[in-house]
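Working notes, beginning with the structure itself.
Numbering starts at 1 and runs along the sequence shown.
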Amino acid sequence: MNFPFYIAQRYLFSKKSHNAINIISMVSVCGVVVATIALVCALSVYNGFNDLVSTLFSNFDPELKITPSTGKVFDPDSQEMQAVKKLPEIAVFSEVLQDNALIRYRDRQDVATLKGVDNKFEELTQIDSVLIDGRFALREDVVDYGTLGIGLASKLGINAGFVSPMEIYAPKRNEKVNMSNPATSFNVEYAYIGGVFCINQQMYDESMMIVPLDLARKLFHYDNEVTAIELKLTEKANLTTVKKQIKEILGDKFLVQDRFEQQEASFKMMQVEKWMTFLILSFILTIALFNVVGSLSMLMIEKHDDVRTLRNMGADNKLIRRIFLFEGWMISGFGALIGIAVGVILCLLQQELGLIKLGQTAGAFIIDAYPVRIEINDIATVFFTVLTIGLLAAWYPVRYLGKKWLQTA
């Protein structure tokens with residue numbers, strides 16, 4: 001065993017002549033334990049919320065989405081797109097035309113994002129799982145249907161099954177507005193209310209309306225163009241591999257995005273919040289580790305005679321400093337191990353039992369208890385952060401306070 005490490009661990013676990021030193025050492029370890037538990041639990045909760053948001057988006061967003069790098073629309077029948085469509089890993093190839101439109105129902109109106117989809121959209125997403133009223137339908141005989149977000153439906157004052165159709169307005173492309181009769185500058189289409197969905201995401205619930213692709217093309221005056229191609233892969237397909245393969249086929253003219261890239265702003269914000277919380281808790285950990293300075297300073301004073309004996313046996317100042325440096329580092333190390341163990345146990349209990357609730361009223365939130373997910377990378381980051389800060393906290397008293405003390409030993 002390394003000699004300085006052996007002496008340090010004897011000092012750590014042996015009874016001190018002054019009880020205050022034991023108390024300060026225990027306070028140091030407890031401070032590290034509490035801060036480490038907070039780090040592990042906080043990061044795991046953020047991981048849980050990240051998974052929750054990802055699950056919500058997965059009900060609506062496709063696994064892969066192809067959009068043009070420049071411009072708004074493109075031809076889905078091009079050779080490149082047909083090559084993508086023929087890939088064996090592609091289970092569903094769905095065309096989408098999306099743009100803004102004015103939705104009007106009787107005396108209410110609101111600007112919405114109109115998403116025109118083909119008949120494969122229902123296979124592409126889990127739209128039925130988020131419907132709260134009515135049913136999902138695009139077209140029956142000669143009747144077109146629209147499926148709205150709950151916020152948009154509330155603004156228009158409508159529910160599924162209303163007998164009157166909605167009026168959908170979009171400005172005519174490549175035409176100047178007729179100031180004498182502005183109504184002639186708009187294309188108008190009609191759709192009945194088929195259903196209402198709720199994803200608990202404002203960008204969809206407050207402004208999204210799904211209509212048949214043919215209706216969107218007539219409204220926005222397009223022939224065959226689309227704004228995006230949405231893809232669903234087969235069960236055994238590897239997302240990363242297929243994404244790379246599609247990029248090689250399409251080149252730089254198109255963007256190929258997975259679910260995280262489609263909602264990049266939302267997920268980036270959550271990651272920023274996660275690591276800002278980590279930095280704040282690390283600062284609290286640093287304050288807690290200041291106790292190590294007092295603990296080591298008092299220990300060096302108490303072990304004055306031991307140091308003199310070690311020096312007579314041939315130990316130099318470097319070796320003696322290493323003994324007390326290991327002492328301070330072990331305080332951090334044991335605190336980190338205990339804190340991580342307790343933090344992981346608490347997270348597992350929360351995951352299985354849901355001990356800490358989001359609110360007192362059942363059903364007030366999407367889920368009842370705080371979601372958690374433990375990541376090995378987060379645990380490793382916490383462990384090395386505690387060790388690094390602990391090493392710095394131990395280095396100061398050993399390097400500066402011990403300089404004068406060693407001269408008198």
Side-chain angles (χ1 to χ4, degrees), residues 1-47 274-303 320-350 355-356 372 374-402:
M1 181 182 290
N2 184 282
F3 180 70
F5 182 80
Y6 174 75
I7 299 297
Q9 60 94 12
R10 289 291 301 269
Y11 282 170
L12 181 63
F13 295 108
S14 64
K15 187 176 181 181
K16 317 305 190 286
S17 59
H18 298 280
N19 195 43
I21 302 177
N22 290 323
I23 295 174
I24 293 174
S25 298
M26 287 302 299
V27 169
S28 301
V29 173
C30 291
V32 176
V33 169
V34 172
T36 305
I37 292 172
L39 283 167
V40 172
C41 292
L43 296 183
S44 298
V45 168
Y46 272 107
N47 293 335
K274 173 182 175 179
W275 294 113
M276 284 301 296
T277 302
F278 175 80
L279 290 176
I280 293 170
L281 291 175
S282 296
F283 178 72
I284 296 173
L285 172 66
T286 304
I287 296 174
L289 282 168
F290 278 142
N291 290 315
V292 175
V293 177
S295 178
L296 283 181
S297 300
M298 295 184 69
L299 183 65
M300 285 189 291
I301 295 172
E302 182 185 274
K303 300 302 179 182
I320 295 170
R321 285 196 182 98
R322 286 174 62 192
I323 291 173
F324 292 102
L325 190 62
F326 276 127
E327 170 82 10
W329 205 10
M330 288 171 67
I331 292 175
S332 305
F334 279 110
L337 291 174
I338 297 171
I340 287 173
V342 175
V344 169
I345 292 171
L346 289 175
C347 289
L348 292 175
L349 289 174
Q350 176 67 17
L355 301 176
I356 304 177
V372 293
I374 302 169
E375 277 193 7
I376 298 299
N377 290 338
D378 289 345
I379 300 299
T381 301
V382 170
F383 183 69
F384 286 112
T385 299
V386 176
L387 289 185
T388 301
I389 298 175
L391 179 62
L392 294 174
W395 179 79
Y396 174 77
V398 172
R399 178 69 178 84
Y400 287 97
L401 301 181

Rounded to the nearest 0.5 Å, the CG atom of L43 sits from the CG atom of N377 at a distance of 11.0 Å

Separation between OG1 (T385) and CZ (F278), nearest 0.5 Å, reads 3.5 Å

| field | Greater than 12 external heavy atoms within 6.0 Å of L279's CG | value | yes

Closest non-hydrogen contact found for V386 with A336 is CG1-CB, 3.6 Å

In this structure, CD1 of I356 is separated from CG of L346 (nearest 0.5 Å) by 8.0 Å

Requested in this report: Apply the test side-chain contact (heavy atoms from CB on, under 4.5 Å) to residues L391 and S332: give CA-CA distance (whole Å), side-chain angles for both, the deciding distance (0.1 Å), then the verdict.
Outcome: CA-CA 8 Å; L391 179 62; S332 305; over 6 Å; no

- I287 and I284, any side-chain heavy atoms less than 4.5 Å apart: no

Rounding to 0.5 Å, atoms OH (Y46) and CD (E375) come to a distance of 14.5 Å

Quick one: does F383's side chain get under 4.5 Å of L337's, heavy atoms only? yes

Discussion item. For the CG atom on L355, are there more than 12 heavy atoms of other groups (residues, nucleotides or ligands in this structure) within a distance under 6.0 Å?
Written reply: yes

For G339 and T36, the nearest pair of non-hydrogen atoms, with its separation, is C-CG2, 3.8 Å

For A42 and L281, the nearest pair of non-hydrogen atoms, with its separation, is CB-CD1, 3.7 Å

OG1 (T381) and CG (L39) are apart, to the nearest 0.5 Å, by 10.5 Å

Closest heavy-atom pair, Q350 versus V372, reported as atoms and distance to 0.1 Å, is CG-CG1, 4.0 Å

Are V33 and I37 packed together at the side-chain level, in the sense that at least one heavy-atom pair is separated by less than 4.5 angstrom? yes

Between the CD1 atom in I379 and the SG atom in C347, the distance rounded to the nearest 0.5 Å is 7.0 Å

